[in-house]
Amino acid sequence: MKISELPVDGRIKKVILERGIEELYPPQAEALKSGVLEGKNLVLAIPTASGKTLVSEIVMLNKLLKEGGKAVYLVPLKALAEEKYREFKEWERLGIRVAATTGDYDSTDEWLGKYDIIVATAEKFDSLLRHGARWIDKVKLVVADEVHLLGSYDRGATLEMILTHLMDKAQILALSATVGNAEELAEWLNAELIVSDWRPVELRKGIFHLGTLFWEDGKIDRYPENWYSLVVDAVKRGKGALVFVNTRRSAEKEAIALSKLVSGYLTKPEKRALENLASQLERNPTSEKLKKALKGGVAFHHAGLSRVERTLIEDAFREGLVKVITATPTLSAGLNLPAFRVVIRDTKRYSNFGWVDIPVLEIQQMMGRAGRPKYDKVGEAIIVARTENPKKLMERYVHGKPEKLFSMLANEQAFRSQVLALITNFGVRNFQELVNFLSKTFYAHQRGDTLSLEYKAKDIVYFLIENEFIDIDLENNFIPLPLGKRTSHLYIDPLTAKKFKDAFPKLEKNPNPFGIFQLIAATPDMATLTVRRGEMEDYLDLAYELEEKLYTGIPYYEDSRFQGFLSQVKTAKVLLDWINEVPEVRIYETYNVDPGDLYRILELADWLMYSLIELYKLFEPKGDVLQYLRDLHLRLRHGVREELLELVKLPNIGRKRARALYNAGFRNVEAILTAKPRDLLQVEGIGLKILEDIYKHLGVEHTLEVKEKPKKKGNLYDYLK
DNA sequence: GCTCCGTAAATCTAGACAGCATGTC
DNA sequence: CTAGATTTACGGAGC
């Protein structure tokens with residue numbers, strides 16, 4: 001089907017034609033003929049990179065230009081929100097306003113009211129629904145990207161609830177990977193279903209076993225015995241490869257091993273560019289390894305990397321400078337990062353229950369990364385059989401059908417939070433109304449009834465009443481209480497709120513960072529660091545040493561909570577070091593954490609610290625305690641000791657610059673105001689731009705005496721031209 | 001009695017959403 | 001039933 005034949009507004013077609021797209025792919029055409037342009041719901045289950053985005057763009061624009069209102073595009077990752085936002089930005093040419101919102105930025109509900117397309121993570125949108133922003137009524141279309149995440153244990157329930165909330169109010173376009181029961185999903189959503197495995201780039205799948213590559217069509221290629229040869233071969237042919245492994249350590253090890261084999265195929269300018277790239281990295285144990293790999297044109301990619309490092313690698317791979325990436329599942333879903341050849345080294349993964357097979361769905365998503373639409377005629381995805389039987393792998397992952405999607409609504413933690421939200425934010429007034437709502441979920445559709453779900457809901461309701469999140473009157477009507485409403489708005493687990501609440505009496509008597517951080521680390525919303533065998537005693541000792549600072553008892557060794565407690569102590573200790581200005585690199589080394597891990601811990605602690613304060617405000621807070629908590633929150637956010645709090649409130653002044661200023665004798669705002677700019681500029685990290693911003697922030701007209709003779713290199717003049 | 005070295009046993013293991021108010025080095 | 005890289009523990013050799 002030609003773009004020009006599309007039954008949509010000519011302006012839409014014009015923009016698409018200008019992208020150089022004249023013809024729709026078959027599944028795209030089929031999707032657009034399904035009635036989705038006339039407002040019908042649609043489940044579109046087609047491979048990644050076969051044009052789901054274009055379909056959703058056409059559907060969104062058609063809807064917006066015809067009916068007005070808003071379209072919401074739901075994604076599972078913040079990085080993906082960013083990516084889609086940039087793509088959709090193009091439609092601003094037609095006067096369509098596009099916004100992205102995640103937990104990171106742009107949170108005010110009403111601010112979003114000005115936009116037509118809103119890209120959001122599922123959780124963020126759930127939160128917006130709870131806050132009841134006025135523009136929600138104007139949402140006419142919801143596009144749910146990667147809707148198979150409905151089956152994810154910890155995050156599936158959110159998506160299921162959003163869709164349940166909106167399925168009668170807005171049109172739904174659900175984009176899914178191929179799953180075992182797409183029909184069931186479509187039935188639930190009262191949607192048309194389109195399933196296709198058509199891809200713009202042909203995908204060849206194969207199994208590699210001891211030097212023999214068995215393609216799915218029966219053809220056979222011979223290689224040297226080690227699977228490294230598959231990667232080297234791709235590079236030799238001027239292409240790239242993506243290697244999937246199951247641990248961070250493996251990713252790092254294989255990257256360094258492969259870099260030695262690949263480096264011989266790099267040109268001189270490439271080597272120089274890679275050197276240059278490596279020199280941009282900061283100095284820490286993880287990036288030292290990364291540098292080593294990068295010099296040979298290979299990089300590893302996992303959640304331990306900092307954001308900067310991750311994007312650096314992704315961009316370099318897209319440019320073709322980095323030839324090979326070895327990755328944990330960070331790259332299996334989401335970001336658009338295709339490669340000619342995908343090599344899957346592992347099909348098992350360690351979980352809480354031991355070694356488990358990686359789901360077919362996930363392996364197929366990895367395989368789907370093979371083949372770059374603009375460069376390759378085919379993409380190759382190869383699974384390495386090392387210990388597994390190659391025939392079995394072929395059956396399971398190449399010819400096999402992906403798993404069915406199962407509702408995860410009954411997951412205790414997720415469900416608890418959702419039941420609370422239904423009562424405090426979505427007007428559910430009694431148990432019968434709760435059951436009515438639950439009967440509309442995918443869970444109910446799939447199981448045929450909600451009996452066991454009701455049983456769980458009842459327990460949760462008791463828990464909520466008992467802990468004063470809600471109340472119940474004589475006619476058995478629910479009454480939302482302040483604690484419940486605030487908890488739901490803060491988007492924290494009610495169990496987290498309960499733990500905070502229970503700790504307040506002790507906390508009030510003895511507010512201290514260690515106790516508070518352990519408390520935060522003990523909530524189900526926090527991620528904790530694992531304590532290795534050899535460290536256990538250290539953290540137990542630390543706990544006993546600081547026992548009187550804790551708001552909880554120290555569990556015995558036999559206690560099932562013992563292991564978790566030690567993790568909490570370790571996490572609290574890291575946070576303690578952070579606010580005591582221990583340099584990041586030392587934290588990485590001491591606690592064996594990667595930059596990405598530290599970032600994550602800090603991000604979560606920041607959010608939970610804020611939530612703790614907000615909840616404390618509900619319980620007749622003492623002024624001095626509240627102030628103490630606020631200061632601690634600020635220290636946590638910036639990673640500083642108390643004495644730097646004043647400085648760190650200045651724009652662009654973080655833990656390093658604040659410390660530099662303080663040590664140079666500028667200990668507060670007053671000192672900065674009275675100081676000569678010249679002296680301030682001597683401080684490490686303080687330049688003209690920074691200083692200008694500080695003065696602006698303080699509302700001071702301080703003519704920077706830039707005309708005075710330049711100190712050293714004359715760069716002050718350069719700055720001003 | 002101490003250190004060094006090689007081997008066996010033990011250890012450890014992926015990822016990442018949410019609030020709020022604006023900017024790290 | 002199914003892992004594999006790396007660290008730690010241990011025991012023997014050499015001084």
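In what follows, chains are A, B, ... by sequence order, proteins preceding strands, each numbered from 1.
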Fill in: Nearest atoms (heavy-atom pairs only) where A:Leu305 meets A:Phe300
CD1-O, 3.4 Å
Discussion item. What contact category does A:Thr158 fall into here, base, sugar-phosphate, or nothing, at under 4.0 angstrom with non-hydrogen atoms?
Written reply: nothing
Discussion item. Can you see if the side chain of A:Thr247 gets near the phosphate of C:dG4 - specifically, an N or O under 4.0 Å from OP1 or OP2?
Written reply: no
Item to complete: Nearest-nucleotide wise, let me know which of A:Glu254 and A:Glu388 is further upstream toward the 5' end of DNA chain C.
Response: A:Glu388
Worksheet item: Which nucleotide in the list B:dG15, B:dG19, B:dC12 gets nearest to the side chain of A:Arg249?
Response: B:dC12
Worksheet, complete the sentence: Rounded to whole Å, the CG-C1' distance (A:Asp346 to C:dA5) equals 12 Å
Item to complete: Give one of base, sugar-phosphate or nothing for A:Leu77, where a contact means two heavy atoms less than 4.0 Å apart.
Response: sugar-phosphate
Fill in: Candidate nucleotides B:dT13, B:dG15, B:dA18, ranked by approach to the side chain of A:Ala303 - the nearest
B:dG15
Practice prompt. Select base, sugar-phosphate, or nothing to describe what A:His697 touches, counting heavy atoms under 4.0 Å on all strands.
Written response: nothing
Practice prompt. Identify all stems in which DNA chain B takes part, counting only runs of at least 3 consecutive pairs (Watson-Crick or G-U wobble, each distance under 3.5 Å), and give each as one range with another, ordered by first number.
Written response: B:1-13 with C:3-15
Worksheet item: Going by the angle between their ring planes, with limits at 30° and 60°, are A:His489 and A:His131 parallel, tilted or perpendicular?
Response: parallel
Practice prompt. Using only side-chain N and O atoms of A:Arg532, determine if any of them is under 4.0 Å from OP1 or OP2 of B:dT11.
Written response: no
Worksheet item: Thinking salt bridges, do A:Lys78 and A:Glu603 make one under a 4.0 Å N-O criterion?
Response: yes
Discussion item. Taking side-chain hydrogen bond (donor to acceptor under 3.5 Å, both in side chains) as the cut-off, I'd like each qualifying pair that reaches into residues 524-534 of chain A, sequence neighbours left out, listed once.
Written reply: A:Thr496-A:Asp525
Worksheet item: For A:Arg248 and B:dG15, is the shortest distance between a side-chain N/O and OP1 or OP2 below 4.0 Å?
Response: yes
Worksheet item: Quick one, which residues of residues 607-617 of chain A touch DNA chain B with a heavy atom under 4.0 Å?
Response: A:Trp607, A:Tyr610
Fill in: Short side-chain N/O contact from A:Lys348 to OP1 or OP2 of C:dG4, under 4.0 Å
no
Practice prompt. Name the nucleic acid region contacted by A:Arg533, choosing base, sugar-phosphate or nothing; use a 4.0 angstrom heavy-atom cut-off, strictly under.
Written response: sugar-phosphate
Item to complete: Respond yes when some side-chain nitrogen or oxygen of A:Arg349 is under 4.0 Å from OP1 or OP2 of B:dA14, and no when none is.
Response: no
Discussion item. Please tell me if A:Thr121 has a side-chain N or O lying less than 4.0 Å from either OP1 or OP2 of B:dA18.
Written reply: yes
Response to the item:
Result for 5'-nearest mapping on DNA chain C, choosing between A:Ser250 and A:Asp357, is A:Asp357
Worksheet item: For the side chain of A:Asp154, counting heavy atoms from C-beta on, which of B:dC12, B:dG15, B:dC25 is nearest?
Response: B:dG15
Practice prompt. Return yes when atom CD of A:Gln280 has more than 12 non-hydrogen atoms of other residues, nucleotides or ligands closer than 6.0 Å, and no otherwise.
Written response: yes
Discussion item. Can you see if the side chain of A:Arg310 gets near the phosphate of B:dA16 - specifically, an N or O under 4.0 Å from OP1 or OP2?
Written reply: yes
Discussion item. For C:dA5 and A:Lys253 - does any side-chain N or O of the residue sit under 4.0 Å from the phosphate oxygens OP1/OP2?
Written reply: yes
Discussion item. If you only use heavy atoms from C-beta on, which nucleotide in B:dG19, B:dC25, B:dG15 is closest to the side chain of A:His302?
Written reply: B:dG15
Worksheet item: Any luck finding a side-chain donor-acceptor pair between A:Asp577 and A:Tyr591 under 3.5 Å?
Response: yes
Fill in: Interatomic distance at P, C:dT6 relative to B:dA14, whole Å
14 Å
Discussion item. Are A:Phe504 and A:Tyr616 an aromatic pair, judged by ring center distance below 6.0 Å?
Written reply: yes
Worksheet entry | Shortest side-chain distance from A:Trp355, nucleotide among C:dA3, B:dA18, B:dG19 | C:dA3
Worksheet item: Under 4.0 Å: is that the gap between some side-chain N or O of A:Ser351 and OP1 or OP2 of B:dA14?
Response: no
Worksheet item: Which residue lies toward the 5' end of DNA chain B, A:Val531 or A:His489, if each is placed at its nearest nucleotide?
Response: A:Val531
Item to complete: Scan side-chain atoms only and decide if A:Asp145 and A:Tyr73 contain a donor-acceptor pair under the 3.5 Å cut-off.
Response: yes
Worksheet item: Hey, does A:Arg655 reach any base, or is it just sugar-phosphate, or nothing, if we go heavy atoms under 4.0 Å?
Response: sugar-phosphate
Fill in: Modelled atom types, side-chain donor and acceptor of A:His209 and A:Asn389, under 3.5 Å
no
Discussion item. Taking the basic N atoms (NZ, or NE/NH1/NH2) and the acidic carboxylate oxygens, is any pair closer than 4.0 Å for A:Arg130 and A:Asp126?
Written reply: yes
Worksheet item: Quick one: is A:Lys78 getting a side-chain N or O under 4.0 Å of the B:dA18 phosphate, OP1 or OP2?
Response: yes
Discussion item. Within the 3.5 Å criterion, strictly below it, is a donor on A:Glu160 or A:Ser407 matched to an acceptor on the partner's side chain?
Written reply: yes
Practice prompt. Could you check which of B:dC25, B:dA16, B:dC12 has an atom nearest any side-chain atom of A:Thr330?
Written response: B:dA16
Practice prompt. Report which part of the nucleic acid A:Leu331 touches: base, sugar-phosphate, or nothing (heavy-atom distance under 4.0 Å, all strands).
Written response: nothing
Discussion item. Please pick, from C:dG4, B:dC12, B:dG19, the nucleotide with the shortest atom-to-atom distance to any side-chain atom of A:Arg386.
Written reply: C:dG4
